[in-house]
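First the structure, in the form of structure tokens, and then the observations on it.
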Amino acid sequence: MPKIICLYVNFVDWLCIKIGRLTMYTVFVMMFVLVLSFVTRNIINIPLMWIIEMAQFIITGYYLLGGGYSMITGDHVRMDLLYSNFSERNKAKMDAFTSFFLVFYLVTLLYGSITSLIYTLETKQKLFTAWAPYVWPIKVIMLIGILLILLQAISMFFKDIAKVTEREIR
């Protein structure tokens, strides 16, 4: 494969692995927030109004920032009715073909997240709850997560092309 493609694939894989492994630890933050919710609501009897929304924000970041990493490790959902019977080369052909649909979807999602973030920043949007947090931090995390998944989808496309053409990515 051309050197620029190899550099791209290696850099995106490295970036998604680092961010994915760092993101894994946010599950402990979410567990702390949920235990704190249980303690304050059921033991101390002082419910905190921000706790459930914070848990939702954390799980959203966890899901989106870990998306690229789950693609690298093959932990994403795949329909295996026919796919599991294919050879490695035919799997790569199928993945390369379906990558176009995935990239189209992710580009559309990225465009939507950019316009949503711009709107949020212009209007200083807050949630309509008692806590009323600003929405822009989670929308920035969503934008970064979608971008990482898109970059990883393109990287996976290059890896599939390399498998089909029997070339190496070093």
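This is a predicted model, so every value here is computed, not measured.
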Q: Could you pull out the closest heavy-atom pair between K139 and Q125, with the gap in Å?
A: NZ-OE1, 3.5 Å

Q: To the nearest 0.5 angstrom, please state how far the CG atom of D75 sits from the OG1 atom of T73.
A: 3.5 Å

Q. With sequence neighbours excluded, what pairs up with F97 under the ring-ring contact (aromatic ring centres under 6.0 Å, His included) test?
A. F101

Q.
Between I161 and F86, is there shared hydrophobic-cluster membership here, with clusters defined by ILVMFWY side-chain heavy atoms closer than 4.5 Å?
A. no

**Q.** Step-by-step side chain to side chain contact (heavy atoms under 4.5 Å, CB included) determination, T98 to M94
**A.** CA-CA 6 Å; T98 58; M94 180 65 80; 4.2 Å; yes

Q.
So P47 and T40, do their side chains get closer than 4.5 Å, heavy atoms only?
A. no

Just list the side-chain donor-acceptor pairs under 3.5 Å for residues 54-72, sequence neighbours left out, or say none.
residue : atom : partner : partner atom : Å
T60     : OG1  : Q56     : O            : 2.8
S70     : OG   : G67     : O            : 2.8

Q. For the residue pair A92 and K163, what are the closest heavy atoms and their distance?
A. CB-CB, 3.7 Å

Q | Lys/Arg N to Asp/Glu carboxylate O, K159 vs D13, below 4.0 Å | A | yes

Q: Supply the atom-to-atom distance L109 CG to S113 OG, rounded to the nearest 0.5 angstrom.
A: 6.0 Å

Q.
For T129, give me all partners under side chain to side chain donor-acceptor pair (under 3.5 Å), at least two apart in sequence or on another chain.
A. E53

Q. How many angstroms lie between CD1 in I138 and CG in L127, if you round to the nearest 0.5 Å?
A. 10.0 Å

Q: Test Y8 against L151 for side chain to side chain contact (heavy atoms under 4.5 Å, CB included), laying out the working first.
A: CA-CA 9 Å; Y8 173 83; L151 294 175; 3.4 Å; yes

Q: Starting at CG of L102, measure out to CZ of F157 and round the result to the nearest 0.5 Å.
A: 11.5 Å

Q | I17 with L22, same ILVMFWY side-chain cluster at under 4.5 Å | A | no

Q. Which distance, rounded to the nearest 0.5 Å, do you find between the CG of N10 and the CG of L15?
A. 12.5 Å

Q: Quick one: do L106 and L110 satisfy side chain to side chain contact (heavy atoms under 4.5 Å, CB included)? Show the steps, please.
A: CA-CA 6 Å; L106 290 170; L110 184 67; over 6 Å; no

Q.
Please give me the minimum heavy-atom distance between D160 and A96, naming the atom from each residue.
A. OD2-N, 3.7 Å

(Q) For a side chain to side chain contact (heavy atoms under 4.5 Å, CB included) check, start with the C-alpha distance between F104 and T108, then their side-chain angles and the critical distance, and finish with the verdict. (A) CA-CA 6 Å; F104 175 76; T108 305; 4.0 Å; yes

Q. If two hydrophobic side chains count as joined below 4.5 Å and joins carry through other members, does V103 share a cluster with V164?
A. no

Q. F100 and V107: same hydrophobic cluster, using ILVMFWY side-chain contacts below 4.5 Å?
A. yes

Q | Where L36 and W50 come nearest, the two heavy atoms and their spacing | A | CD2-CH2, 4.0 Å

Q. CG/L117 to CD1/I141 distance, rounded to the nearest 0.5 angstrom?
A. 11.5 Å

**Q.** Beyond-backbone contact of Y25 with V29, side-chain heavy atoms, under 4.5 angstrom
**A.** no

Q) Can I4 be reached from W14 by stepping across I, L, V, M, F, W or Y side chains whose heavy atoms are under 4.5 Å apart? A) yes

**Q.** Side-chain touch M30/T26, heavy atoms, less than 4.5 angstrom
**A.** no

(Q) Does any part of the side chain of C16, heavy atoms only, come nearer than 4.5 Å to the side chain of I19, both counted from C-beta? (A) no

